[in-house]
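Have a look at the structure below before the remarks.
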Amino acid sequence: MTAYFCVLAFLMIFLIEICFVILVSETLENRARDKISLIGKEFEATLQSGADEKTLEDSINRNRIDGINIFLFTAEGELVAPDDYGDIQSILNEVASRVKQEEAGYNITYRSGDAVSYASKIEYAGKPHILFVTYSVSIVRDTVLNLQLYLLIIGLCVFAAAVLVSFAFSKKLTSGLKTMSDTAVLLAEGDYDIQFTNADYKEMAQLSDTLNYVRDEVKKSEDFQHEILANVTHDLKTPLTMIKAYASMIKEISGDNPEKRDKHLQVIIDEADRLTGLVNDVLSVSKLQANMTEVKLKVFNLTELVYGIINKFGYLQETQGYSFMLDIEQNLYTRADEEKISQVIYNLLGNAANYTGEDKTVYISLNSSMDGKRVRFAVKDTGKGISKKDLSEIWNRYYRVNENHNRPVKGTGLGLNIVKAILESHSFDFGVESEVEKGSLFWVDFPCVPAEIEI
């Protein structure tokens with residue numbers, strides 16, 4: 001990380017210096033052009049005002065102090081001023097190539113070699129003359145070189161500071177990351193008592209909070225898995241034991257007695273059905289979670305479906321004194337996967353039967369909305385209810401409220417998770433309303449469609 005940061009800092013400093021040098025060079029050269037152009041025009045004004053030779057010489061000498069040379073030639077190439085300059089042939093040749101053939105009033109500013117020059121053709125003392133002003137850019141070049149040297153020194157200092165800062169920062173950051181990495185290894189090994197702590201930076205603190213949340217969820221999931229494994233093991237063991245016991249009884253005792261044999265065989269069949277239900281629950285939730293099941297939509301009579309499932313719970317009324325209070329509207333149709341919706345309604349009714357109060361009453365309703373667009377199925381128990389902190393958990397896989405009571409409808413704790421997965425695959429609205437000691441109400445909204453629609 002330090003290496004990347006240093007490379008980035010070096011590139012940024014390098015680019016800044018290059019841009020600065022180019023900008024300064026261009027700026028200084030443009031200022032030089034403006035300056036000699038201005039001086040040239042001022043000298044032209046001096047000439048046009050009829051100044052004598054002494055005034056011209058003073059003006060030329062004054063500008064020489066600033067590194068600017070001024071020359072005045074006749075149109076024939078004779079040097080008028082200054083009178084103390086040596087070889088001017090090369091200057092004369094350059095000026096002649098630029099303005100000799102031009103009309104009076106023409107001027108030009110240009111770069112030639114290491115100088116910026118201004119040349120113009122003017123009228124002086126009634127005759128055409130050529131004015132030439134030149135300024136060496138070597139001064140600009142020297143200034144830029146000095147700036148480059150200063151920038152290099154500053155850049156090296158900034159780079160050194162960047163290296164030190166990045167090293168300190170990366171050491172502190174990597175130290176925190178290494179601590180979190182070591183803690184994560186402990187979490188992977190099953191130690192759920194670890195704590196991710198790193199508050200040096202806001203982002204690291206947020207990451208620590210997220211990892212602590214993941215730890216809690218993983219621990220909760222593992223606890224749920226242990227619980228469901230214990231539940232499934234127990235629920236599988238009981239019917240298997242019953243099947244083996246009654247099979248032995250048929251073999252050894254009731255094989256020749258038709259009445260006893262049929263009774264014992266019925267127990268075996270019932271327990272086999274129970275095993276099938278347990279296995280189907282586990283398979284269903286696995287397939288739903290993996291999105292392996294296809295939703296087969298069709299229009300069907302939801303009222304008849306609900307009545308048919310309620311009839312399956314008739315044994316609870318006959319043997320255990322349960323009461324099912326019905327408020328069901330006739331001939332309500334919906335469009336959904338009938339087989340999966342059967343699972344939803346069966347699981348919700350079974351859940352209500354398991355958790356209803358001592359009065360053993362379950363309220364079931366199926367009614368259309370005022371606008372006729374929805375059908376709401378609701379089932380209410382009179383049990384102990386669900387606390388607010390548990391409401392968001394009841395749909396989770398393996399979740400089961402910890403209560404010690406007899407459950408007339410046996411299950412694996414997967415029922416509500418299956419309900420959630422099926423309804424979400426249909427994009428149906430559903431929910432639960434509950435208050436402690438006042439029972440719970442589970443509801444599902446189905447689309448209401450006419451019976452004649454065919455898919």
Side-chain angles (χ1 to χ4, degrees), residues 221-290 292-293 305 307-324 339-340 342-358 360 362 381 383 396-419 421-422:
S221 177
E222 184 161 304
D223 290 342
F224 285 159
Q225 290 184 51
H226 289 160
E227 180 184 347
I228 190 59
L229 182 60
N231 290 338
V232 170
T233 302
H234 177 268
D235 288 343
L236 289 175
K237 183 178 179 180
T238 301
L240 286 172
T241 302
M242 295 286 287
I243 290 172
K244 182 178 180 180
Y246 276 87
S248 297
M249 290 174 66
I250 293 172
K251 179 181 178 181
E252 298 173 3
I253 300 174
S254 62
D256 296 328
N257 187 323
E259 184 179 348
K260 289 184 177 180
R261 183 182 62 221
D262 290 345
K263 183 178 180 180
H264 293 164
L265 284 172
Q266 188 59 48
V267 172
I268 292 174
I269 293 171
D270 291 342
E271 292 302 321
D273 288 341
R274 181 178 172 189
L275 276 175
T276 301
L278 291 171
V279 172
N280 286 340
D281 267 2
V282 175
L283 289 176
S284 293
V285 77
S286 298
K287 289 181 179 180
L288 288 166
Q289 293 291 341
M292 293 175 61
T293 58
L305 179 68
Y307 272 124
I309 295 172
I310 292 173
N311 290 336
K312 293 181 181 180
F313 290 86
Y315 71 96
L316 294 179
Q317 293 175 294
E318 297 171 3
T319 61
Q320 299 190 36
Y322 273 74
S323 297
F324 292 96
E339 182 180 347
K340 290 183 173 59
S342 296
Q343 283 183 274
V344 169
I345 295 173
Y346 184 90
N347 285 334
L348 290 178
L349 289 179
N351 185 73
N354 284 332
Y355 291 102
T356 197
E358 294 182 0
K360 295 183 179 181
V362 176
D381 63 63
N396 289 342
R397 191 174 180 178
Y398 311 125
Y399 184 82
R400 180 182 285 172
V401 175
N402 294 320
E403 289 187 10
N404 296 318
H405 59 66
N406 294 324
R407 295 166 59 86
V409 182
K410 299 299 181 182
T412 58
L414 298 172
L416 291 180
N417 185 252
I418 293 173
V419 168
I422 291 174

Enter the distance from D262:CG to I250:CD1 here, rounded to the nearest 0.5 Å. 9.0 Å

Taking all heavy atoms of Q320 and all of K360, pick out the closest pair and write down the distance. O-NZ, 3.0 Å

Partner set under side-chain hydrogen bond (donor to acceptor under 3.5 Å, both in side chains) for Q266, not counting sequence neighbours: D270

F313 and V362: CA distance, side-chain angles, deciding distance, side chain to side chain contact (heavy atoms under 4.5 Å, CB included) verdict: CA-CA 11 Å; F313 290 86; V362 176; over 6 Å; no

Measure the spacing between CG of D381 and CG of L348 and express it to the nearest 0.5 Å. 11.0 Å

Check whether more than 12 heavy atoms from other residues, nucleotides or ligands sit under 6.0 Å from atom CD of E339, and answer yes or no. no

Pairwise distance OG1(T356) to CG(L316) - rounded to 0.5 angstrom: 11.0 Å

When rounded to the nearest 0.5 angstrom, what distance separates CG in L305 from CD1 in I345? 4.5 Å

Nearest non-hydrogen partners of Q317 and Y322, listed with the distance: CG-O, 3.2 Å

Return the CE to CZ distance between M249 and R261, rounded to the nearest 0.5 Å. 13.5 Å

Whether the side chain of N354 engages the backbone of G350 through a donor-acceptor N/O pair (distance < 3.5 Å, no angle test) should be reported. yes

Rounded to the nearest 0.5 Å, what separation is found between the CD1 atom of I269 and the CG atom of L265? 6.0 Å

